[in-house]
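Everything quoted here is computed from the prediction, not taken from an experiment. When reading the values below, keep in mind they use all heavy atoms of this one structure, side chains included, and skip hydrogens, waters and symmetry mates. Residue indices begin at 1 and follow the sequence shown.
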Amino acid sequence: MPVKWVLHWQPNAGTTVNTQILNEVSQCVESINGVKEGRWKATLTYYKPMLKEQSAAAEFPRDFLGISLPEQANKYYFIIRGQRIVCEADSTIQAIMEKLQSYKSRVALYFEGFQYQLGDFQLRVGKVVPMHAENLRGIVMEVEYLPISSLEKSHQTMEEFLDIWQDAVSKRSLPGHFMHAEPNFGEYGLGDVYTSHHTAVQYATVMAQVIATAQAVQNVRN
């Protein structure tokens, strides 16, 4: 499977994300000859345990996430960041969890936007919004390099592409930039050959960054 980097929009200090930035970023992809191919959507859910006794709370992981990815519609991925665990299940696991009432959704977020083709690259640019709400929580971008599935071999090409991309974005004088914080995949037992597990871990990492940024902005306001 092709290597993919997941980036998030890091607003400048004192600024927040908004739909204007999202529109400008989408126009930016088209300005470097990205061809719009259609829509895409992924869903990420933070779970909390259904406890009969609150004293047992410490036994359960706090950072327990589930994610569905458009390229693996029949699969569901779980990540526990604290213990560096990622695993794959059949997508029916969500219905099973609901029936068992072992965990329930604490927060569910959608990533949705447009997919673009740009030579050997596929880009997805989208907003992060809570389920049943329209307020923008962040902006994400996937950069996929189609010819290569080795993280190491694709690294230089991805870096070069990002340099071109950041240059194109900087010309628009937007209040922020895209950040790529690559997780330590080895800690999750993942190797050099790229898989959907790598994508799931990247989304969990990106969401931690998006939440931290939003909290920092909130603290400044308060």
Which residue pairs pass the side chain to side chain donor-acceptor pair (under 3.5 Å) test with at least one member in residues 158-170, sequence neighbours excluded?
Gln156-Glu160
Taking salt bridge (Lys or Arg N to Asp or Glu O under 4.0 Å) as the definition, give me every residue that meets it alongside Lys153, ordered by chain and number, with sequence neighbours left out.
none
I'd like to check the side chain to side chain donor-acceptor pair (under 3.5 Å) partners of Glu71; sequence neighbours left out, ordered by chain and number.
Lys4
Among residues at least two apart in sequence or on other chains, which ones pass side chain to side chain donor-acceptor pair (under 3.5 Å) with Ser102?
none
Side chain to side chain donor-acceptor pair (under 3.5 Å) involving Asp192 - partner list, sequence neighbours excluded
Ser150
Any ring-ring contact (aromatic ring centres under 6.0 Å, His included) involving residues 16-36? Give me the pairs, sequence neighbours left out, ordered by first then second residue.
none
Ring pair (Phe, Tyr, Trp, His ring centres under 6.0 Å) filter on His180, not counting sequence neighbours, yields Trp5
For Gln20, side chain to side chain donor-acceptor pair (under 3.5 Å) partners two or more places apart:
Glu24
Is atom CD of Glu182 surrounded by more than 12 heavy atoms (other residues, nucleotides or ligands) closer than 6.0 Å?
yes
Sequence neighbours excluded, the answer for ring pair (Phe, Tyr, Trp, His ring centres under 6.0 Å) partners of Tyr145 is Phe121
Listing request: all ring-ring contact (aromatic ring centres under 6.0 Å, His included) pairs with a residue in residues 33-53, at least two apart in sequence or in separate chains.
Tyr47-Phe64
For residues 78-89, which side-chain donor-acceptor pairs fall under 3.5 Å, sequence neighbours excluded?
from, atom 1, to, atom 2, distance (Å)
Arg81, NH1, Asp63, OD2, 3.4
Arg84, NE, Glu187, OE1, 2.7
Arg84, NH1, Arg81, O, 2.4
Glu88, OE1, Tyr77, OH, 3.0

Side chains of Gln202 and Pro183: closer than 4.5 Å at any heavy-atom pair?
yes
According to a hydrophobic-cluster definition based on side-chain heavy atoms being under 4.5 Å apart (Ile, Leu, Val, Met, Phe, Trp, Tyr only), do Val143 and Met179 belong together?
no
Sub-3.5 Å donor-acceptor pair from the side chain of His198 to the main-chain atoms of Thr195, do we have one?
yes
Of all pairs that satisfy side chain to side chain donor-acceptor pair (under 3.5 Å), the ones with a partner from residues 103-117, not counting sequence neighbours:
Glu37-Gln115, Gln115-Arg124, Gln117-Gln122
